[in-house]
Amino acid sequence: MTKKLNIAMIGGGFMGKAHAMAYAAMPMFFWPAPALPVRKVVVDVSQELADDARDRFGFEEASTDWLSVVQRDDIDVVDICTPNNMHAEMAIAAAKAGKHILCEKPLSNTLEDAERMATAVRESGVISMAAFNYRRTPAIALAKKLISEGKIGEIRNFRGTYLQDWSADPDGPLSWRFQKSVAGSGALGDIGTHVIDLAHHLVGPISSTMAMTKTYIADRPIQDSGFDALGASEKKSDAPRAPVDVDDEVSALLRFENGAIGSLEASRNAFGRNNFITLEIHGTQGSIHFNYERRDELQVMFADDPADTRGFRTIYTGPAHPYGEGLWPIPALGIGYSETKIVECFDLISAIANNEQPSPNFDEALRVERVAHAIAQSAETDRWESL
Ligand code: NAI
Ligand code: SOE
């Protein structure tokens with residue numbers, strides 16, 4: 001009989017939905033499943049929110065007391081889907097209680113908290129994973145495979161962007177994502193960290209950076225609820241306004257330990273861009289291009305192709321590619337955000353079942369935080385910062 005793992009999920013918002021869906025769907029895609037996640041308890045700040053999340057997301061129980069849930073004997077995995085300022089306290093308590101942990105990105109609001117989280121899981125020996133799910137997009141997993149096989153040679157340049165426009169309207173509400181005390185930083189921590197994770201995954205460790213950050217929209221209307229509606233609702237241009245104390249956008253130059261160079265740009269105010277994660281990687285034998293808004297496709301160019309057919313070709317990901325056997329049987333049927341979370345769940349549950357650390361674990365997520373911290377520092381000092 002397949003082993004069962006009881007999940008306690010904290011936070012029933014956007015990511016609560018994505019993770020609950022992944023626990024339910026994972027065995028439908030990846031069968032035989034390494035173990036079966038059981039949606040045991042969901043926690044939110046009020047009984048009403050927790051009850052809603054239980055009924056909507058298929059959990060057995062609802063609670064408002066995350067600490068006592070984390071300490072329950074029957075919980076195997078703690079899944080942290082709350083705003084960033086709660087990640088450290090919850091993850092450290094979970095590690096101390098001997099629970100495996102999936103924690104949403106960014107790992108934490110401060111480097112000190114990220115260090116404490118990584119130390120806590122190392123000391124307790126639990127499995128940890130940070131939810132940088134975009135590296136689980138099959139096209140990005142294929143890029144990783146091609147790079148590892150040396151198909152584009154030695155990497156010389158990485159250009160990564162993450163552009164969105166949901167916060168471009170100055171009357172969009174002051175959700176937790178615009179408050180440093182809750183979010184830690186703005187575009188840098190929220191979406192720039194995804195690019196840092198992808199850069200580390202595909203190219204290798206970043207060694208130094210020179211960066212700029214900018215806040216254009218200095219205040220926003222105060223919103224009523226705790227949820228982040230991502231600019232979509234609760235727009236009240238006549239509501240009292242309060243200051244935004246995080247960055248709207250960031251641009252950074254990067255140096256990698258292996259000698260490659262590159263850049264990162266992130267903004268949530270880039271009109272016309274929705275979830276525009278682009279990667280362009282140049283090597284000594286070819287190039288790779290990816291755009292998440294066309295995430296079934298990987299563009300590759302091999303320098304040793306015959307001169308008369310040389311150029312970027314488009315590969316549509318499918319069963320022949322990483323994770324393809326579990327996902328859909330025909331290329332280009334359509335990979336979505338859900339699939340990245342289903343694959344993330346599969347990798348997490350496999351790691352727990354096999355008692356091995358997945359990637360990125362908290363140590364790797366700590367390295368992402370170190371780079372984000374160096375970028376923020378460089379924007380202050382106007383100098384290159386080394387890792
Ligand atoms: P959200 O605002 O939609 O939901 C947050 C939920 O946490 C709400 O239900 C809120 O009531 C609850 N909550 C807040 N404090 C709590 C506490 N002390 N105890 C229990 N519940 C609490 O936020 P969203 O978008 O789901 O973000 C959550 C986390 O996921 C953040 O760290 C964010 O950066 C990350 N995220 C990651 C994404 C990815 O692609 N990997 C996408 C979206 C968010
Ligand atoms: C908002 O910018 C957001 O929800 C981020 O928090 C996520 O990490 C990103 O994947 C989607 O956009």
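If you're wondering where the values come from, they're calculated on a predicted model, not measured in any experiment. When reading the values below, keep in mind they use all heavy atoms of this one structure, side chains included, and skip hydrogens, waters and symmetry mates. Counting starts at 1 for both ligands and their atoms, following the listed order.
Under a 4.5 Å side-chain heavy-atom criterion applied to ILVMFWY residues, the cluster that includes Met90 comprises Ile10, Val41, Val43, Trp66, Leu67, Val69, Val70, Ile75, Val78, Ile80, Met86, Ile92, Ile101, Leu107, Met117, Val121, Val126, Phe362 as well.
The pair Lys144-Glu149 fails the salt-bridge criterion, with no side-chain N (NZ, NE, NH1 or NH2) lying under 4.0 Å from an Asp/Glu carboxylate O. The pair Asp304-Arg310 fails the salt-bridge criterion, with no side-chain N (NZ, NE, NH1 or NH2) lying under 4.0 Å from an Asp/Glu carboxylate O. Between Lys99 and Asp76 there is no salt bridge, since none of the side-chain N atoms of the basic residue sits less than 4.0 Å from a carboxylate O of the acidic one. Remark: Arg122 engages Asp363 in a salt bridge, criterion side-chain N to carboxylate O under 4.0 Å.
Residue contact check: Met90 has heavy atoms under 4.0 Å from atoms 17 (C), 18 (N), 19 (N) of ligand 1. Distances below 4.0 Å separate heavy atoms of Pro83 from the following atoms of ligand 1: 5 (C), 7 (O), 14 (C).
Selection from Trp66, Phe14, Trp176 by nearest heavy atom to atom 2 (O) of ligand 1 gives Trp176. Taking only non-hydrogen atoms, the option from Glu89, Met15, Lys105, Glu104 nearest to atom 33 (C) of ligand 1 is Lys105.
Under 4.0 angstrom from ligand 1, the non-hydrogen atoms of Thr82 come from both its backbone and its side chain.
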Distances only, to 0.1 Å: what are the N or O pairs between ligand 2 and the protein that fall under 3.5 Å?
residue	atom	partner	partner atom	Å
ligand 2	2 (O)	Gln164	OE1	2.8
ligand 2	2 (O)	Trp166	NE1	3.1
ligand 2	2 (O)	Asp190	OD2	2.7
ligand 2	4 (O)	Arg177	NH2	3.3
ligand 2	6 (O)	Lys105	NZ	3.2
ligand 2	6 (O)	Arg177	NE	3.3
ligand 2	6 (O)	Arg177	NH2	2.9
ligand 2	6 (O)	Asp190	OD1	2.5
ligand 2	8 (O)	Lys105	NZ	2.7
ligand 2	8 (O)	His194	NE2	2.8
ligand 2	10 (O)	Tyr134	OH	2.6
ligand 2	10 (O)	Tyr162	OH	3.1
ligand 2	10 (O)	His194	NE2	3.4
ligand 2	12 (O)	Gln164	NE2	2.9

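Every residue two or more places apart in sequence or in another chain was checked for a ring pair (Phe, Tyr, Trp, His ring centres under 6.0 Å) with Phe302, and none qualifies. Among residues two or more places apart in sequence or in another chain, the ring pair (Phe, Tyr, Trp, His ring centres under 6.0 Å) test is passed with Phe30 by Phe346.
Contact annotation: Tyr337 has at least one heavy atom less than 4.0 Å from an atom of ligand 1.
Tyr316 and Trp328 have their aromatic ring centers separated by at least 6.0 angstrom.
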